[in-house]
Each structure stands twice: as structure tokens, then as C-alpha cells.
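Data block below; observations after.
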Amino acid sequence: IYNGVFLPTENSSENFFPIKKTHKFNCAIIAVFYDKDIKGFQFLLPAIKNLIDLNIDICLHICGGGTYLELYKTVAAELGISSNCIFYGQLEKNSIYSIISQMDFIVSASLFESAGVSVEESMILGKPLVITRSGGASSLVTEKTAIVVDTKSVSALVQGITQMILHLENFDSVEIKKYALENFGMEHVMQKYMDLYESFLIR
């Protein structure tokens with residue numbers, strides 16, 4: 001049974017935390033910088049650089065604070081992609097939901113994820129993902145909700161994001177949300193637990 005997540009509230013609309021879109025394609029990653037490597041920014045930021053070099057007009061919106069936030073701001077500057085990366089720092093949930101709702105797709109570049117709550121929340125908001133084979137998170141998606149790529153690979157992320165941009169119209173937001181609600185919505189998850197407990201009691 002998957003981890004359950006609470007549904008975004010009515011305050012989670014685009015208007016709650018409106019963002020200025022200056023690029024054709026907008027994607028977001030939700031990751032706390034508690035570790036220098038685990039969230040995969042050492043691969044994702046160079047991938048964004050490569051995409052820009054391929055004349056793809058893309059902006060990465062980065063939600064999350066932490067110890068290594070300034071390090072990756074520096075990395076983005078060194079790569080010359082600061083104008084294509086927006087670091088929001090630590091945000092409360094409704095602001096994150098609002099940003100997600102304004103994105104074309106979401107990225108998860110982690111080397112390892114045990115659960116992937118932000119992946120579930122993104123799908124509940126109807127957004128497709130480019131996601132690495134990071135364990136728990138990549139087990140949450142289907143081919144209709146995400147493009148899955150190898151971890152620890154700049155080229156894999158470039159290819160996955162390129163494929164997402166080329167096939168965005170093939171991802172149905174309504175179907176993604178329906179899949180997520182049926183599998184990760186707290187009400188449905190709690191009912192699955194109750195059904196499981198009742199099955200043991202009947203035995």
C-alpha cells in the first residue's frame with residue numbers, strides 16, 4: 001500500500017503564488033538540500049545547460065532550502081544558467097502546490113528516494129514527470145504519468161526531458177490526477193488499510 005498524501009487545498013491554485021514565466025517550457029523540482037549529492041542536482045543542472053545549448057527555451061523552478069542551497073546557486077552561475085534557474089528556497093506547502101500547478105512537468109533527479117511524496121503530490125495536481133530510477137519514487141509512476149530515466153546521468157536527463165517536451169500533449173492531466181487520487185489520496189489509502197485489517201479479522 002502506497003503512502004497516502006493529503007490533497008492540495010483550495011488555496012493551492014496558481015493565483016496563490018503566481019510566477020512570471022519568461023521561458024517557453026517550465027519545469028520544477030521539489031527537493032530539500034540536506035545532502036550535497038542525493039537529489040541529483042550535480043546531474044540535473046548540467047542537463048539544463050545542455051538543453052539550453054540545444055536551443056530549448058527551458059526554466060527550472062527549484063523549491064527547497066537547506067545547507068547546500070547556496071552551493072547549487074553557485075553551480076548554476078558557473079554553468080551560465082542562472083537566468084534559467086529560479087531558486088525559491090524553503091516554501092510552505094500551498095506555495096509549492098501553486099508552483100507545481102503552473103508547470104508543464106515536474107522533474108525528480110534523485111539518486112535514491114524511499115517514498116517520493118512530492119511525486120505523488122505532483123500527479124495529484126495532474127502533472128507528468130521526468131523521474132530517475134531512484135527506488136521508491138520511480139515505483140509510483142506508470143508510462144502514462146512519467147518518463148523514467150537512469151540515475152547519475154546527465155545524458156539520460158537530457159533525453160528524458162527532451163522526450164517529455166516533444167510528447168507533452170500525450171500526457172493527460174485528468175488521467176494522471178485520477179490515477180494519483182486512486183492510489184495516493186489519503187482517503188483511498190486509509191480505506192485500503194481498513195480493508196486489509198478487516199481481511200485479517202475475518203480470518
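Count residues from 1 along the sequence. For clarity, every value in this text was computed on a predicted model and none was experimentally measured.
- Between E121 and K93, some side-chain heavy-atom pair lies under the 4.5 Å cut-off.
- Of all heavy-atom pairs spanning V32 and G65, the tightest one is CG1-O, 3.4 Å.
- A salt bridge does not link K144 with D172: every distance from a Lys NZ or Arg NE/NH1/NH2 to an Asp or Glu carboxylate oxygen is 4.0 Å or more.
- At distances below 3.5 Å, at least one donor-acceptor pair connects side-chain atoms of Q102 with backbone N or O atoms of I19.
- What you find for V141 and A146 is that their closest heavy atoms are CB-CB, 3.6 Å.
- Side-chain contact between T67 and Y34: absent, with no pair of heavy atoms (C-beta onward) separated by less than 4.5 Å.
- No donor-acceptor pair under 3.5 Å is formed between the side chain of T132 and the backbone N or O of T151.
- S153 has its side chain out of reach of F43: every pair of non-hydrogen atoms, C-beta onward, lies at least 4.5 Å apart.
- The 12-atom threshold is not exceeded at NZ of K178, counting heavy atoms of other residues, nucleotides or ligands nearer than 6.0 Å.
- Ring geometry, Y179 versus F184: the interplanar angle exceeds 60°, so the pair is classed perpendicular (tilted spans 30 to 60°).
- With hydrogens and angles ignored, the 3.5 Å screen pairs no side-chain donor or acceptor of K24 with any backbone N or O of I56.
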Tabulate below the donor-acceptor pairs under 3.5 Å that side-chain atoms of residues 77-89 make, not counting sequence neighbours, or state none.
unit_1, atom_1, unit_2, atom_2, d
S82, OG, A77, N, 3.4
N84, ND2, I58, O, 2.9
Y88, OH, H61, ND1, 2.8

#### Entry: F105 vs L129, side-chain contact (heavy atoms from CB on, under 4.5 Å): CA-CA, chis, key distance, verdict
CA-CA 6 Å; F105 59 95; L129 298 106; over 6 Å; no
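- More than 12 heavy atoms of other shown residues, nucleotides or ligands fall within 6.0 angstrom of atom NZ in K73.
- Judged by distance alone, the side chain of S173 and the main-chain N or O of G126 form a donor-acceptor pair under 3.5 Å.
- Y72 is listed as a side-chain neighbour of L45, based on a closest heavy-atom distance under 4.5 Å.
- Q159 and T162 share no donor-acceptor pair across their side chains, judged by distance under 3.5 Å alone.
- With hydrogens and angles ignored, the 3.5 Å screen pairs no side-chain donor or acceptor of S98 with any backbone N or O of N94.
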### side-chain contact (heavy atoms from CB on, under 4.5 Å) between V119 and I30, worked out
CA-CA 9 Å; V119 171; I30 300 91; over 6 Å; no
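- Proximity of a side-chain donor or acceptor of D150 to a complementary backbone N or O of A156 within less than 3.5 Å is not detected.
- Nearest heavy-atom pair, G160 versus V149, reported as atom, atom and distance to 0.1 Å: CA-CG1, 3.8 Å.
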### Task
Tell me, with the steps shown, if F41 and F33 meet ring pair (Phe, Tyr, Trp, His ring centres under 6.0 Å).
CA-CA 9 Å; F41 280 94; F33 292 86; 4.6 Å; yes
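- Formation of a donor-acceptor pair under 3.5 Å by the S134 side chain with backbone atoms of L111 is not found in this model.
- Sorted by first and then second residue, the salt bridge (charged side-chain N to carboxylate O under 4.0 Å, His left out) pairs involving residues 36-63 (not counting sequence neighbours) are K39-E113, K49-D53.
- You'll find the side chain of P128 reaches within 4.5 Å of the side chain of I176, heavy atoms only.
- Under the 4.5 Å side-chain heavy-atom criterion for ILVMFWY residues, no single connected hydrophobic cluster contains both F171 and L166.
- Cluster annotation: L44 is connected to L54 through the hydrophobic network of ILVMFWY side chains, with a link wherever side-chain heavy atoms come within less than 4.5 Å.
- E143 CD: 12 or fewer foreign heavy atoms inside a 6.0 Å radius.
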